[in-house]
Amino acid sequence: MNKPAHIDEHRDDEGAKTGMWIFIFTELILFGGLFIVYSVYRYLNPAAFHLAAEELDTFIGTVNTVILLVSSMTIAMSISAIQYKNKKLTLILMSVTILLAAVFMVNKYFEWSGKISHGIYPGSPTLMEASQGEILFFGLYYAMTGLHAIHIIIGVAFIAYVMVLVAKDEIQHDNFVILENSGLYWHLVDLIWIFLFPLFYLIT
Amino acid sequence: MEKEHTHIVKYKTYVFVLIALLFMTFASVAITSINLGPYTVSAALLLASIKSILVLLIFMHLKFDKKFYSLMVGGVLLLFACVIFITFLDYLYR
């Protein structure tokens, strides 16, 4: 049985979306600050950053970029799908997004564990013998990709929660602002990676 | 019901945007593998900026939403650009 529509339903989609955007701005400034720290240190230590960046695997970086771009498309499509009243497709597209996020994290795991097994991690004896610039590069690498990975995990939890709401029919073709907001969050994660990728993996 | 929610973006639009994003990703990998000297970083960052504009406009629906959202995003990006500018004024001329 469908609940009868409430005439005086308290809902403010525009307010909800504006709130999400304001939160996204705080995230942009948070990562923006880190990007400024990165650019200043890179400006002060160009040779060391060049040397250190060669340690990173461009191939894994590119694969992860492709994964995040595709997952961004699938979550964007899920909003169209719910508007077309296609619940099944919405759920499929959201699951694909979560699956791709998991693949991203698996890649990240192998990348980080590879670095750590080579003795490159903050405070490691190998790194302490390296130049100041290389220490800064890897410190920023772990801090920024790590913070980004935490955002991936939060994004997956958020999307999974919205999936439950879609499955329970609590999100419908005319009431999907929380799905839009989870999508906005996921695109933010993608946006940050769009800049992390060239700055860490593509330095020549 | 609400006017701003009636716009539905076609699946095809998203596929085209993804193809453009992937193309620019591979282009930035190709550009940085050949040595362009100081232009390499600028080229990679320029491509990243175009990619993020595409994501903001289409994936994040700024193109289809009220202008108010675009103005807010523009304001925050302008603020961020000012902070970068002032930081580098300090580092370049101290």
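Numbered from 1 within each chain, the chains take letters A, B, ... in sequence-line order.
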Check: Can you list every salt bridge (Lys or Arg N to Asp or Glu O under 4.0 Å) pair that touches residues 68-90 of chain B, not counting sequence neighbours?
Finding: Asp90(B)-Arg94(B)

Check: Under the side-chain contact (heavy atoms from CB on, under 4.5 Å) criterion, do Gln83(A) and His7(B) qualify, and how do the steps go?
Finding: CA-CA 9 Å; Gln83(A) 283 172 296; His7(B) 186 97; 5.9 Å; no

Margin query: Does anything in residues 137-163 of chain A reach chain B? List residues with heavy atoms under 4.5 Å apart, or say none.
Written below: none

Notebook entry, point to check: By a 4.5 Å heavy-atom criterion (distance strictly below it), what part of Ile31(B) contacts chain A: side chain, backbone, both, or neither?
Noted result: neither

Margin query: Taking side chain as everything from C-beta outward and backbone as N, CA, C, O, which of these in Val9(B) sits under 4.5 Å from a heavy atom of chain A? Side chain, backbone, both or neither.
Written below: both

Next item on the list: Please flag which part of Leu62(B) lies under 4.5 Å from any non-hydrogen atom of chain A: side chain, backbone, both or neither.
Entry: side chain

Notebook entry, point to check: What distance separates Phe80(B) CZ from Leu28(A) CG, expressed to the nearest 0.5 Å?
Noted result: 8.5 Å

Check: Out of curiosity, Ile36(A) CD1 to Ile86(B) CD1, how far, rounded to the nearest 0.5 Å?
Finding: 9.5 Å

Notebook entry, point to check: How about Tyr11(B) and Tyr84(A): are their ring centres within less than 6.0 Å of each other?
Noted result: yes

Next item on the list: Measure the acute angle between the ring planes of Phe88(B) and Tyr43(A), then classify it against the limits of 30° and 60° as parallel, tilted or perpendicular.
Entry: perpendicular

Next item on the list: Report yes if the side chains of Phe35(A) and Ile84(B) come closer than 4.5 Å at any heavy-atom pair, otherwise no.
Entry: no

Next item on the list: Determine the option with the most heavy-atom pairs under 4.5 angstrom with chain A, choosing from Leu47(B), Leu18(B), Thr13(B), Ile58(B).
Entry: Leu18(B)

Notebook entry, point to check: Any side-chain heavy-atom pair from Ser28(B) and Leu202(A) closer than 4.5 angstrom?
Noted result: yes

Checklist line | Working for side-chain contact (heavy atoms from CB on, under 4.5 Å), residues Phe197(A) and Thr25(B) | finding: CA-CA 9 Å; Phe197(A) 171 62; Thr25(B) 305; 4.1 Å; yes

Checklist line | Atom pair OH (Tyr41(A)) and OH (Tyr91(B)), whose distance is rounded to the nearest 0.5 Å | finding: 6.5 Å

Check: Side chain, backbone, both or neither: which part of Leu184(A) has an atom under 4.5 Å from a heavy atom of chain B?
Finding: both

Next item on the list: With the side chain counted from C-beta on, respond yes when His61(B) and Glu180(A) share a heavy-atom pair under 4.5 Å apart, and no when they do not.
Entry: yes

Next item on the list: Let me know if Ser49(B) has heavy atoms under 4.5 Å from chain A in its side chain, its backbone, both or neither.
Entry: both

Margin query: Quick check on the structure: residues of residues 63-82 of chain A within a heavy-atom distance below 4.5 Å of chain B, by number.
Written below: Thr65(A), Val66(A), Leu69(A), Val70(A), Ser72(A), Met73(A), Ala76(A), Met77(A), Ile79(A), Ser80(A), Ala81(A)

Next item on the list: Compare all side-chain heavy atoms of Val73(B) with those of Trp21(A) and state whether any distance is below 4.5 angstrom.
Entry: yes

Checklist line | Toward chain B: residues of residues 186-194 of chain A with heavy atoms under 4.5 Å | finding: His187(A), Leu188(A), Asp190(A), Leu191(A), Ile194(A)

Check: With only heavy atoms counted, which part of Val15(B) is less than 4.5 Å from chain A, the side chain, the backbone, both or neither?
Finding: both

Check: Does Leu45(B) reach the side chain of Leu199(A), with side-chain heavy atoms less than 4.5 Å apart?
Finding: yes

